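For the numbers below, each heavy atom of this structure counts, side chains included, while hydrogens, waters and symmetry mates do not. This is a predicted model, so every value here is computed, not measured.
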Amino acid sequence: IISANTPAPDLDRQPPAPKPKSPKYRVQLQEPQTPIAPPPVPSLASAAVGDQFILFANHPKVLRDAITNVQAPNLSLSNASAFTQAIKTLVQPHIGLALVDLPKLTRLLSKEQAIAQGTPNGAIAAPADDSATPQTLVVGFNLNQKGLLAETALLTTGGKAVSVAPSLSQPVGALQYIPANSALAASGTHLDRLWTQVDQSLSRYAPVAQLVNQPLHDLQSRWQLSLPDDIFRWITGEYALALLPPDAVSADGNLKTDWVFAAQRSSLESDEALAHLDDLAKQQGLTVGPLKLGDRTVSTWTRLTATEPQLASQTLSLQAAVQGVHASVGNYEIFTTSIAAMDTALKATEHSLPTRDRFKQATTALIQPNNGYLYLDWDASQPLLERQFPLLKIVELAGKPFFSHLRSLTISSYGNSAGVQRGGAFIQLGR
């Protein structure tokens, strides 16, 4: 029924469409402002040259440069004066050669380290004086029944070419006080001259300098003295320095190690230097006094402290913490960081490092005469190196076939010939 007051319906009008319900959440997609680049794919280029050689490189441009060097002989490495001068000093047969530009390698490693640490642009300063810096290192490799033998030639640019002959035809007598199980041992003569040369050379190569200086810094902190000024300067005869393997872990989590140092007493300056060391100990509040150790009397640097009693019936007690020990044995003065280490050094003559087969094999493989040895026992030093350099564990994992057979590393210097510092290294391998 339609009322007269009711408007007639519009039969052509469609009912309004229902309103869409609001979603409970909304997803909005945005285009990235900068496209995400895919990870770089390592490149490898290769080329066959005649029927003798195949070249590999990380970029085609490097291959083109290598082929250009063949066509222009004056550009090749074999005609470089630094390379030819250094390689002439290699006297042992070799099955391979390696050449390293030390300043460039140092800058590259420093730059990579700076980038890893977030330094802007990975900037690194160049050496202050390249003319006094060893520039080229040539290494010749050869196989030995017990491992890998390397002969090195380090060419120094600039300065006067001076020839210095090596002084030792056999290991020094100071090694008789170095225990056979030492993790690290260095021996030779004229420590005063050697340290001056090493310090000047390593000052330009920070990564290597840190590796050498860190153990010495720890020893200086332990004894509160300057090794170069208070000890090294008067060592003009034989010397032997050793780091004993850790026997425990200290309260701060570090490995507890001991040092043994034997030096030849060659002049009145030695007695004056020993008296100076005792004076330094007294200035630090240490007590200098004799101690009976077996059938010998040794001198100790001891810090004495009084402890409060826990109970009323108890009295004050005195605690002695030995900071260092030294003893005169024949023509040698022996220094250790503990009484136990001194006892080990005094008894080492029966089982010293030179009597160990591993050390004998290493020193026999190197050229004689030489200027002494730097010996690293891998089994004994591995825990120390891994704690000092955590990345070493990753390197060991990558090179497991090599490190699982590594036994020792021995380095020696063969003197200086016409401006070329000669040396050798023996990597001892075994099962």
Side-chain angles (χ1 to χ4, degrees), residues 171-182 185-187 189 191-192 218-227 229-248 256-307 316-355:
V172 296
L175 282 169
Q176 63 184 305
Y177 302 107
I178 302 302
N181 66 335
S182 298
S187 60
T189 60
L191 184 57
D192 53 339
D218 295 340
L219 186 57
Q220 288 183 127
S221 300
R222 192 166 181 174
W223 278 348
Q224 294 297 308
L225 51 77
S226 171
L227 290 175
D229 297 333
D230 298 325
I231 294 183
F232 292 171
R233 65 176 179 82
W234 60 270
I235 308 299
T236 58
E238 298 178 359
Y239 71 88
L241 174 68
L243 175 64
L244 302 185
D247 56 357
K256 296 177 65 176
T257 58
D258 278 316
W259 289 87
V260 175
F261 179 65
Q264 190 176 24
R265 300 166 58 115
S266 56
S267 64
L268 180 62
E269 187 178 2
S270 302
D271 297 331
E272 296 175 352
L274 292 174
H276 175 65
L277 291 176
D278 287 339
D279 291 338
L280 288 178
K282 294 176 182 178
Q283 293 174 13
Q284 299 170 21
L286 302 179
T287 300
V288 179
L291 174 70
K292 194 69 174 179
L293 186 61
D295 58 350
R296 294 185 181 275
T297 300
V298 301
S299 181
T300 61
W301 301 323
T302 309
R303 188 176 302 279
L304 301 176
T305 56
T307 58
L316 285 173
S317 59
L318 193 64
Q319 289 187 344
V322 176
Q323 304 296 312
V325 186
H326 68 96
S328 298
V329 183
N331 294 329
Y332 297 93
E333 191 72 21
I334 303 175
F335 301 85
T336 65
T337 51
S338 70
I339 297 176
M342 176 60 74
D343 185 56
T344 302
L346 294 176
K347 296 177 180 178
T349 52
E350 301 175 0
H351 304 285
S352 62
L353 184 61
T355 64

Between the side chain of [X] and the main-chain N/O of [Y], is any donor-acceptor distance below 3.5 Å?
{"X": "Ser352", "Y": "Ile178", "result": "no"}
{"X": "Gln176", "Y": "Gly173", "result": "yes"}
{"X": "Ser182", "Y": "Ala185", "result": "no"}
{"X": "Thr344", "Y": "Ala340", "result": "yes"}

In the structure I gave you, are the side-chain heavy atoms of [X] and [Y] within less than 4.5 Å of one another anywhere?
{"X": "Asp258", "Y": "Val260", "answer": "no"}
{"X": "Gln323", "Y": "Thr302", "answer": "no"}
{"X": "Thr297", "Y": "Leu291", "answer": "no"}
{"X": "Asn331", "Y": "Arg265", "answer": "no"}
{"X": "His326", "Y": "Ser299", "answer": "yes"}
{"X": "Leu346", "Y": "Arg296", "answer": "yes"}
{"X": "Val325", "Y": "Trp301", "answer": "no"}

Nearest 0.5 Å, please: how far is [atom2] in [Y] from [atom1] in [X]?
{"X": "Ser328", "Y": "Leu274", "atom1": "OG", "atom2": "CG", "answer": "6.5 Å"}
{"X": "Leu243", "Y": "Phe261", "atom1": "CG", "atom2": "CZ", "answer": "14.0 Å"}
{"X": "Thr337", "Y": "Leu244", "atom1": "OG1", "atom2": "CG", "answer": "7.0 Å"}
{"X": "Met342", "Y": "Phe335", "atom1": "CE", "atom2": "CZ", "answer": "8.5 Å"}
{"X": "Leu191", "Y": "Gln264", "atom1": "CG", "atom2": "CD", "answer": "12.5 Å"}
{"X": "Leu293", "Y": "Thr300", "atom1": "CG", "atom2": "OG1", "answer": "10.5 Å"}

Exercise. Which pair of heavy atoms, one from Tyr239 and one from Ala174, lies closest together, and at what distance?
Worked result: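 Minimum heavy-atom contact is C-CB, 3.9 Å.
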Problem set entry | Atom of Tyr177, atom of Val329 and distance for their closest heavy-atom approach | OH-CG1, 3.4 Å
Exercise. Among Leu277, Val288, Thr287, whose side-chain contact (heavy atoms from CB on, under 4.5 Å) with Lys282 holds?
Worked result: Val288
